[in-house]
Amino acid sequence: MRIAVAKEVEVGERRVALVPDTVGRLVKQGLEVWVEAGAGEQAFFSDDAYKAAGATIVSDTGALWREADVLLKVNPPKEHEIHQLKEGGVLIGFLNPLGNPNLIQRLAERRVTAFSMELIPRTSRAQSMDALSSQAGVAGYKAVLIAAAAVPKFFPMLTTAAGTIAPAKVFIMGAGVAGLQAIATARRLGAIVEAFDIRPAVKEEVQSLGAKFIEVQLNEETVAAGGYAKEVSEASKQRTQEVLTEHVKQADVVITTAQVPGRKAPILVTEEMVAQMKPGAVIVDLAAEQGGNCACTEPGKDVQRNGVTIIGPINLPASMPVHASQMYAKNVLTLVQYLIKESALQLNFEDDIISSTCVSNNGEILNQRVRDGLTQVKINA
Ligand code: NAD
């Protein structure tokens, strides 16, 4: 069985789906691994390193796509790449199935068996395959470094001959995987950190990282199935904003990470709240690509409002390609090893990891939410 690693073509993408160490593990298992020439270049993994791990370096991109039994990617394939996928072959990557159901339909038409890394269940059994978590951790860490570089102040308290410097106040909104990593990073840099999440269950985790948890009493359930946040009513949004405004006003740095799966990101920082912030304050909005948690955010841009800088970074994991690739590769390796036993694909759809993650097989779209999304796209067209 031949596993292939394609070079990413998305603008700004620097990650690669397997790193040499993970290639070596598959080769040891008796699998043949092809790596497209230069696939790891942007992440500083050379063709020679892949070769030393037992991979065959392939310069002919078309041949790599056509002859792969299992093709590994970070980003979804482009239209011209889908045509080249082997019928009956396997594709694994972030496929954005809910955001782009048409892509999944195209893959089903090509009879590709596609696995979407976004849909790995958030269970302890699947933890080592959880690429959303590994990449969110990278983003949370980097968001704090971006904020620390942009804010015109120190993060830590300093006692110097030139006087005492007060520590920066950092407010993290959304304490999921990215938010918790942001809290830990801001604390390591010495800031005073506060955090808020609509799920009260994260309070203890926030506190254990040395941050203060801001509580907002709401008269409705805020947690959906699977432990994710639910979209809340307008009244709850209003109540939350009232409480949060006071904390946003005091902050030197606000980092927003709030998401509701399959929905546009909730607005947590309104224009009025930005207008009340301290001049020189910085907001880093990790939800920029999903519409933003701040009303002023523009994805991929730095926006200035009354002396406040609002940064809307895109694809932060790609800015740390060495470790982001290393972690993603480990997630992908674990999934591949789970799916392939004795050099053959073993698909047991009774297994929740396989049934959640596999979006197309045998010419059919398997995921109901993707099918619903497709119907919606057709109605809107
Ligand atoms: P996410 O990226 O979907 O959202 C980030 C955070 O934003 C979440 O904590 C969410 O509660 C919060 N949020 C949403 N709406 C908000 C609002 N209006 N105001 C404030 N905060 C808001 O989430 P994620 O980081 O991918 O993970 C979230 C859930 O998945 C958590 O329950 C987490 O513990 C769970 N999880 C479990 C595992 C596992 O068991 N293996 C792994 C990873 C994550």
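This is a predicted model, so every value here is computed, not measured. For ligands, and for the atoms within them, numbers begin at 1 and follow the listed sequence.
Shortest contact from atom 42 (C) of ligand 1 to any protein heavy atom: Asp130 OD2, 3.2 Å. At the shortest separation from atom 22 (C) of ligand 1 among protein heavy atoms lies Ala258 CB, 3.5 Å. Of all protein heavy atoms, the one lying nearest to atom 12 (C) of ligand 1 is Asp197 OD2, 3.2 Å. At the top of the distance list for atom 31 (C) of ligand 1, counting protein heavy atoms only, stands Arg199 NH1, 3.1 Å. In this structure, the protein non-hydrogen atom closest to atom 30 (O) of ligand 1 is Tyr228 CE2, 4.0 Å. Nearest protein heavy-atom neighbour of atom 21 (N) of ligand 1: Ile198 N, 3.4 Å. If you check which protein heavy atom lies closest to atom 2 (O) of ligand 1, you get Gln259 CG, 3.5 Å.
Residue-ligand proximity, Phe196 to ligand 1, at heavy-atom distances under 4.0 Å covers atoms 19 (N), 20 (C). Under a 4.0 Å criterion applied to the non-hydrogen atoms of Pro266, ligand 1 contributes the atoms 15 (N), 18 (N). Less than 4.0 angstrom separates some heavy atom of Thr123 from each of these atoms of ligand 1: 41 (N). Per-residue contacts place Gln127 under 4.0 angstrom from the following atoms of ligand 1 (heavy atoms of the residue considered): 41 (N). Set against the non-hydrogen atoms of Thr257, the atoms of ligand 1 under 4.0 Å away are 5 (C), 6 (C), 7 (O).
Checking atom 10 (C) of ligand 1 against the protein gives a heavy-atom contact under 4.0 Å.
Under the 4.5 Å side-chain heavy-atom criterion for ILVMFWY residues, a single connected hydrophobic cluster contains both Leu316 and Met327. Criterion: ILVMFWY side-chain heavy atoms under 4.5 Å apart, direct or through other members. Under it, Leu71 and Met1 are not part of a common hydrophobic cluster. No continuous path of ILVMFWY side-chain contacts below 4.5 Å connects Leu335 to Leu91, so the two sit in separate hydrophobic clusters.
The residue from Arg263, Arg122, Gln290, Gln135 that puts a heavy atom closest to atom 27 (O) of ligand 1 is Arg122.
When the side-chain hydrogen bond (donor to acceptor under 3.5 Å, both in side chains) test is applied to Lys153, the partners found at least two apart in sequence or on another chain are Asp252.
Residue contacts with ligand 1, taken as heavy atom pairs separated by less than 4.0 Å, involve Val260 solely via side-chain atoms from C-beta onward. Neither the backbone nor the side chain of Ala126 comes within contact range of ligand 1; no heavy atom lies under 4.0 Å. Contacts between Leu268 and ligand 1, counted as non-hydrogen atom pairs separated by less than 4.0 Å, involve the side chain only.
Using a 4.0 Å cut-off between a side-chain N of Lys or Arg and a carboxylate O of Asp or Glu, Arg125 and Asp352 qualify as a salt bridge. Look at Glu194 and Lys169 and you find no salt bridge, because none of the NZ, NE, NH1 or NH2 atoms lies under 4.0 Å from a carboxylate O. Salt bridge present: Glu271 and Arg305 bring a charged side-chain N and a carboxylate O closer than 4.0 Å.
For the pair Gly179 and ligand 1, no heavy-atom separation below 4.0 Å is found.
With ring centers used as reference points, Phe94 lies under 6.0 Å from Tyr328.
Taking the six-membered ring for Trp and thresholds of 30 and 60 degrees, Phe213 and Phe196 have nearly parallel ring planes, at less than 30 degrees apart.
Asn96 and Glu118 share no side-chain donor-acceptor pair at under 3.5 Å.
Screening Ile365, Val370, Asn100 for a side-chain contact (heavy atoms from CB on, under 4.5 Å) with Gln105, the sole residue that qualifies is Ile365.
For the pair Ser124 and ligand 1, the shortest N or O to N or O distance does not fall below 3.5 Å. The shortest N or O to N or O distance between Val177 and ligand 1 is below 3.5 Å. For the pair Gly176 and ligand 1, the shortest N or O to N or O distance falls below 3.5 Å. Considering both main-chain and side-chain atoms, Ser133 never comes within under 3.5 Å of ligand 1 through any nitrogen or oxygen pair.
The environment of Lys203 atom NZ is sparse: at most 12 non-hydrogen atoms of other residues, nucleotides or ligands sit within 6.0 angstrom.
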Q: Begin with the C-alpha distance, continue with both residues' side-chain angles, and end with the deciding distance and a verdict on side-chain hydrogen bond (donor to acceptor under 3.5 Å, both in side chains) for Lys142 and Ser319.
A: CA-CA 8 Å; Lys142 192 63 185 271; Ser319 71; 3.1 Å; yes
